[in-house]
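Every number for a ligand or one of its atoms is a count from 1 in the order of the listing. Owing to the predicted nature of the structure, the values given are computational and were not obtained by experimental measurement.
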Amino acid sequence: MPQLEASPAIDFHSETYKDAYSRINAIVIEGEQEANDNYIKLAELLPDHKDELIGLSKMELRHMKGFQACGRNLQVTPDMEFARKFFAGLHRNFQEAAAQGRTVTCLLIQSLIIECFAIAAYNIYIPVADDFARKITEGVVKDEYSHLNFGEKWLKAHFEESKAELEQANRQNLPLVWRMLNEVEADAKILGMEKDALVEDFMIAYGEALSNIGFSPRELMRLSAYGLASV
Ligand code: PL3
Ligand code: FE2
Ligand code: FE2
């Protein structure tokens, strides 16, 4: 008999799955927690947008709680220490930029890079998630588009004066994303997520964002592939 399924069913309760989930689940919990902190910091940097940014920060906290519930539902304990190390590079760069008032860099790190990373990861996770986590993730990913949109709108409105800092921030931070993808590749595969698909979806989301902000096709090719040779 030919097999009808394209891929074998995933056993969400196997030790292998739960072990990989303890790290991936921690990554998304930590990512949502840091996103919450980052939007609070952005609200200080952009007082004109304070209420909107505080609103976004609260959404991130809800996302975090949703993903904590996903881990509990599978009886997995998230490895938060692993996750903090995973985000350390982007975290440090965001903190340093915030301390120096480099708002454009903060927006690029949180609202473009991290949100596009989340959008790619969540969209690829949804079809291979357990039923409980799928419903949570579907709700979350809708919000992430609105967070990306905040960054795009602001940067588009300040494009000319932000351009040089955006290029510099992209050069500093995009290579970290490729490294993070390499670090998560093996665990993501156990969850049914392919690295090539993650890279592709990230590039599409990030390239679209750069284009919406005002970069030319030639510029965005150069920007979005920066550091990709190391993948
Ligand atoms: C900001 O709103 C969210 C920040 C979260 C970043 C998540 C990055 C995820 C990369 C890990 C790939 C596996 C995803 C699995 C989805 C549950
Ligand atoms: Fe989020
Ligand atoms: Fe977000």
K.L.:
Restricting to N, O or S atoms of Glu32, which is nearest to the Fe ion (ligand 2)?
P.N.:
OE1
K.L.:
Write out the residue and atom name of the closest protein heavy atom to atom 15 (C) of ligand 1, then the distance separating them to 0.1 Å.
P.N.:
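Result: Ile24 CG2, 3.4 Å.
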K.L.:
Flag the pair Phe67 / Tyr122 as yes when their ring centroid distance falls below 6.0 Å, and as no otherwise.
P.N.:
yes
K.L.:
Using a strict 4.0 Å threshold on nitrogen-to-oxygen distance, state whether Asp79 and Arg23 make a salt bridge.
P.N.:
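So Asp79 does not pair with Arg23 through a salt bridge.
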K.L.:
Consider side chain to side chain contact (heavy atoms under 4.5 Å, CB included). Of Val76, Thr16, Ile190, which one does Tyr21 pass it with?
P.N.:
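Answer to the side chain to side chain contact (heavy atoms under 4.5 Å, CB included) test with Tyr21 among Val76, Thr16, Ile190: Val76.
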K.L.:
Within the side chain of His91, is there an N or O that forms a donor-acceptor pair under 3.5 Å with the backbone of Phe87?
P.N.:
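The answer is no, because no donor-acceptor pair under 3.5 Å joins these two groups.
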K.L.:
Who's closest to atom 4 (C) of ligand 1 heavy-atom-wise, of Val128, Asn123, Ile114?
P.N.:
Ile114
K.L.:
With a cut-off of 6.0 Å (strictly less than), are more than 12 heavy atoms of other residues, nucleotides or ligands near CD of Gln100?
P.N.:
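Yes, because the 6.0 Å sphere around CD of Gln100 holds more than 12 heavy atoms from other groups.
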K.L.:
Look at atom 1 (C) of ligand 1 and say which protein heavy atom is nearest, naming residue and atom and giving the distance to 0.1 Å.
P.N.:
Glu115 OE1, 3.5 Å
K.L.:
Only N/O/S atoms count here: what is the atom of His147 closest to the Fe ion (ligand 3) called?
P.N.:
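Checking each N, O and S atom of His147, the shortest distance to the Fe ion (ligand 3) belongs to ND1.
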K.L.:
Would Gln110 count as being in polar contact with ligand 1, using the rule that some N or O on each side must be under 3.5 angstrom apart?
P.N.:
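It does not: no N or O of Gln110 is found under 3.5 Å from an N or O of ligand 1.
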K.L.:
Starting from atom 17 (C) of ligand 1, find the nearest protein heavy-atom neighbour and note its residue, name and distance.
P.N.:
Tyr125 CD2, 3.4 Å
K.L.:
Look at atom 5 (C) of ligand 1 and say which protein heavy atom is nearest, naming residue and atom and giving the distance to 0.1 Å.
P.N.:
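Closest protein heavy atom to atom 5 (C) of ligand 1: Tyr122 OH, 3.4 Å.
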K.L.:
Any idea which protein heavy atom is nearest atom 12 (C) of ligand 1, and the distance to it?
P.N.:
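Atom 12 (C) of ligand 1 sits closest to the protein heavy atom Ala121 CB, 3.8 Å.
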K.L.:
So which of the N, O or S atoms of Glu60 lies nearest the Fe ion (ligand 3)?
P.N.:
OE2
K.L.:
Tell me the nearest of Met64, Glu144, Met180 to atom 2 (O) of ligand 1, using heavy-atom distances.
P.N.:
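Ranked by closest heavy atom to atom 2 (O) of ligand 1, first place is Glu144.
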K.L.:
If I take every N, O or S atom of His63, is at least one of them less than 2.8 Å from the Fe ion (ligand 3)?
P.N.:
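Under 2.8 Å: His63 has no N, O or S contact with the Fe ion (ligand 3).
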K.L.:
In plain terms, say whether Glu96 and Arg102 are close enough for a salt bridge, that is, a side-chain N and a carboxylate O under 4.0 Å apart.
P.N.:
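No, Glu96 and Arg102 are not salt-bridged.
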K.L.:
Under 30°, 30 to 60°, or over 60°: which ring-plane class applies to Phe202 and Trp178, parallel, tilted or perpendicular?
P.N.:
perpendicular
K.L.:
Could you please compute the angle at the Fe ion (ligand 3) from OE1 of Glu144 to OE1 of Glu115, rounded to 10°?
P.N.:
80°
K.L.:
Does some non-hydrogen atom of Met193 fall short of 4.0 Å from ligand 1?
P.N.:
yes
K.L.:
Under 3.5 Å, N or O to N or O, is Glu60 touching ligand 1 that way?
P.N.:
yes
K.L.:
Indicate if Phe159 and Leu112 have the same hydrophobic cluster label, given that clusters are the connected sets of ILVMFWY residues with side-chain heavy-atom separations under 4.5 angstrom.
P.N.:
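Same cluster: Phe159 reaches Leu112 through Ile, Leu, Val, Met, Phe, Trp or Tyr contacts under 4.5 Å.
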K.L.:
Only heavy atoms of Ala35, strictly under 4.0 Å: list the atoms of ligand 1 that pass.
P.N.:
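Once the distances to Ala35 are compared, the set is 1 (C).
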K.L.:
Decide if atom NZ of Lys153 counts as having more than 12 heavy atoms of other residues, nucleotides or ligands within a radius under 6.0 Å.
P.N.:
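Atom NZ in Lys153 is crowded, with more than 12 foreign heavy atoms closer than 6.0 Å.
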K.L.:
Start with the C-alpha distance between Asn38 and Gln110, add both sets of side-chain angles, then the distance that settles side chain to side chain donor-acceptor pair (under 3.5 Å), and finish with yes or no.
P.N.:
CA-CA 7 Å; Asn38 291 349; Gln110 176 58 48; 2.9 Å; yes
